[in-house]
Structure formats: C-alpha cells, structure tokens
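Along the sequence shown, residues carry numbers from 1. Computed from a prediction, not measured in an experiment: that's the story for all the values here. One-based numbering, in listed order, for ligands and for the atoms of each.
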Amino acid sequence: MARSALLNVMVQAALKAGRRLARDFGELENLQVSRKGPGDFVSNADLQAEKTLTDELRRARPNFGFLREESGEEEGADKSHRWIIDPLDGTTNFLHGIPVFAISIALEHEGRIVAGVVYNPATDDLYTAERGRGAFHNDRRMRVAARDDIHDCVIATGVPHLGRGKHKPYLGQLEKVMGEVAGIRRMGAASIDLAYVASGRFDGYWEEFLSPWDIAAGILLVREAGGFATDINGGDKMFDTGSIVAGNEMICQRLRKSLKSA
Ligand code: IPD
Ligand code: CA
Ligand code: CA
C-alpha cells in the first residue's frame, strides 16, 4: 500500500506521539490530571501528545492551520488547509487503564477531509485513509460490513454522561435501537467506533454532542471503506450539529429512521 507524502507525515507524527502515550499508559500513577469540567478530564499525556503532533505537523507543513481539542484553533498562512486533531480520544478509558483510546488526525482541504489517521498505541492498530484512495487497517484494505438487516447488526453508540449531552432523549433513542438490533456496544472513543465501522466490525454507529476532532478522521475512514457517515438528519453537518450516524448505506438510513422515530 503506497502512502502519499502527506499521509506519511501524519502517520509518523501519530507514531511518535503514540510512543509517549503508550509509556504514560504504563505509568498512569505518575500522570498529572486536571478537570476541564464535570466528568471531563485532561492529563499531561493529552497535552504532551498534542504538542508532539503540533510540532511534527508544523515542521512538515509550516503554513497549515490547526483545530485542536486542547489548544484550539490557529489559522495558518495557507487558509485552505488545516489539521483537525484529537491528541487522545478516549481519555476516560486511558485514565482508567482501559486500552481503548487513539490519536486522531485529519487533514481538511477547503472544507473537505482529504486524509485521516486513527492510531491506538496500546494495541498498535493504525487506521488510515486518503480521499479517493481507500482506507486501511495496518496494511489491509478495509470494507464496511455488508449486513443489510438491522436485526443482525451490532451497533456502537456513545452514552452521554455527567456534564455531557441530554440524557432523557438519549434513553429514548437507545430504547428504540436496542429493540431492533443484535447488540449494542459503547467503546468510549468515537474515533475507534468509526474505525470499527470502517473495518466491518461494527455494522453501524451513532452519537451526538461530539466535536469535530472526535470524528474528522473517522468519517473519512468510513467513507473510503465504502460506507456512509451523515449527521442525524442525513446531511453533511456533522461538525455543526455534533451528531453522527455511520454504516453501510442501508444501515445508516435505517438507523437514522429509528433515531428519528425515538
Ligand atoms: C470522547 C470520546 C467518547 C465520546 C465523548 C468524547 P475524549 O472524547 O470520543 O467516546 O463519547 O463524547 O468527548 O474526551 O476522550 O477525547
Ligand atoms: Ca475526543
Ligand atoms: Ca481528547
């Protein structure tokens, strides 16, 4: 599988930041952790990973802008390109010693995601995609699952928690979907949920109250694996609405219908 120079830069940055994250994950007791809001933590692992990613990406493409979870937005001299970064997606898992977390890096060009990397350093799983060039799990091409009967499907979701999202309407959605599917999963890292949809492990996924950095890379993984990723209304406003529904065309549609009727 030949990677473009740009994708290579992204992969190298993720691997470098990942080495440090994996080390920190093995020594959780030494981490400094602070609270950003109710149920929302940041550790020096998140901050260090974001710094490494910023340094590496800036060195390779000095003019590109940034949208980062921890240090926010920074306009570049080149206004058409920006990196969208979550340095540690799944912080709660990380802090609890659960090896389900990832670095997520996307490159946006004129408002369109053109490259994405999701890397879990605890398991060394690397998911990559470039627009028009397919999606890969390590070196293997990914395809979304072909199941078309919702009753056979395993569907991932994100459950709102303390300080996050509206809990009552979510319970309505869950009640509706859980009665229609073979299984529900909650991984705790949106980027990994989307990577699992892309690789065909999950048949579908929905969540609300997300930020662009949670999903930017994962959306491209799903689309390049032949799947669909939309907002909850079937549109393309995932970043504005914070909502996402993903799967193959049929399951994505079917999930949206269930969520609408909840
Ligand atoms: C979180 C994870 C989680 C989702 C949360 C996100 P973070 O990101 O993606 O799965 O349910 O809403 O904020 O805070 O761990 O980077
Ligand atoms: Ca996140
Ligand atoms: Ca994060």
Q. Got the closest protein heavy atom to atom 4 (C) of ligand 1, with its distance?
A. E207 OE2, 3.1 Å
Q | Residue part near ligand 1, for H161, under 4.0 Å between non-hydrogen atoms | A | neither
Q: Pull out every atom of ligand 1 sitting under 4.0 Å from any heavy atom of D86, numbered as shown with elements.
A: 16 (O)
Q. Hey, looking at atom 3 (C) of ligand 1, which of G188, G158, A156 has the closest heavy atom?
A. G188
Q.
Can you tell me how the ring of H81 sits relative to the ring of F64, calling it parallel under 30°, perpendicular over 60° and tilted otherwise?
A. parallel
Q) So which residues get pulled into V42's cluster when ILVMFWY side chains under 4.5 Å apart are joined, directly or through others? A) L47
Q: Show your reasoning for whether salt bridge (Lys or Arg N to Asp or Glu O under 4.0 Å) applies to R23 and E27.
A: CA-CA 7 Å; R23 223 180 316 138; E27 301 171 3; over 6 Å; no
Q | Derivation of the salt bridge (Lys or Arg N to Asp or Glu O under 4.0 Å) call for E108 and R112 | A | CA-CA 5 Å; E108 191 183 59; R112 275 231 280 273; over 6 Å; no
Q: Check whether any heavy atom of E69 sits under 4.0 Å from an atom of ligand 1.
A: yes
Q.
Less than 4.0 angstrom from a charged side-chain N to a carboxylate O is my criterion; do R82 and E73 meet it?
A. yes
(Q) Looking at K166, I'd like to know if its NZ atom is crowded, meaning that more than 12 non-hydrogen atoms belonging to other residues, nucleotides or ligands lie closer than 6.0 Å. (A) no
Q | Worked check of side-chain hydrogen bond (donor to acceptor under 3.5 Å, both in side chains) between S211 and E69 | A | CA-CA 8 Å; S211 300; E69 179 173 13; over 6 Å; no
**Q.** Interfacing atoms of ligand 1 (cut-off 4.0 Å, heavy-atom, G90)
**A.** 7 (P), 15 (O), 16 (O)
Q. So, are D55 and R59 salt-bridged, with charged N and O less than 4.0 Å apart?
A. no
Q) Strictly under 4.0 Å, does any heavy atom of L88 approach an atom of ligand 1? A) yes
**Q.** Check: F209 ring centroid to Y170 ring centroid under 6.0 Å
**A.** no
Q) Hey, what's the ring geometry for Y127 with H137, parallel, tilted or perpendicular (30° and 60° as the breaks)? A) parallel
Q: Just jot down the ligand 1 atoms closer than 4.0 angstrom to any heavy atom of A190, in number order.
A: 2 (C), 9 (O), 10 (O)
Q) Just which atoms of ligand 1 are under 4.0 Å from any heavy atom in R186? A) 3 (C), 10 (O), 11 (O)
Q. More than 12 heavy atoms of other residues, nucleotides or ligands under 6.0 Å from NZ of K257: is that the case?
A. no
Q. Is any protein N, O or S atom closer than 3.0 Å to the Ca ion (ligand 2), and if so, which?
A. D86 OD2, D89 OD1, D214 OD1
Q: Output the list of atoms in ligand 1 that are nearer than 4.0 Å to some heavy atom of T91, sorted by atom number.
A: 15 (O)
**Q.** Heavy-atom nearest neighbour in the protein, as seen from atom 8 (O) of ligand 1, with distance rounded to 0.1 Å
**A.** D89 OD1, 2.9 Å
Q: Identify, for atom 5 (C) of ligand 1, the protein heavy atom at the shortest distance, and state residue, atom and that distance.
A: R164 NH1, 3.4 Å
Q: Run the salt-bridge test on D125 and R201 with the 4.0 Å N-O cut-off and return the result as yes or no.
A: no
Q) Side chain, backbone, both or neither: which part of A189 comes within less than 4.0 Å of ligand 1 when only heavy atoms are counted? A) backbone
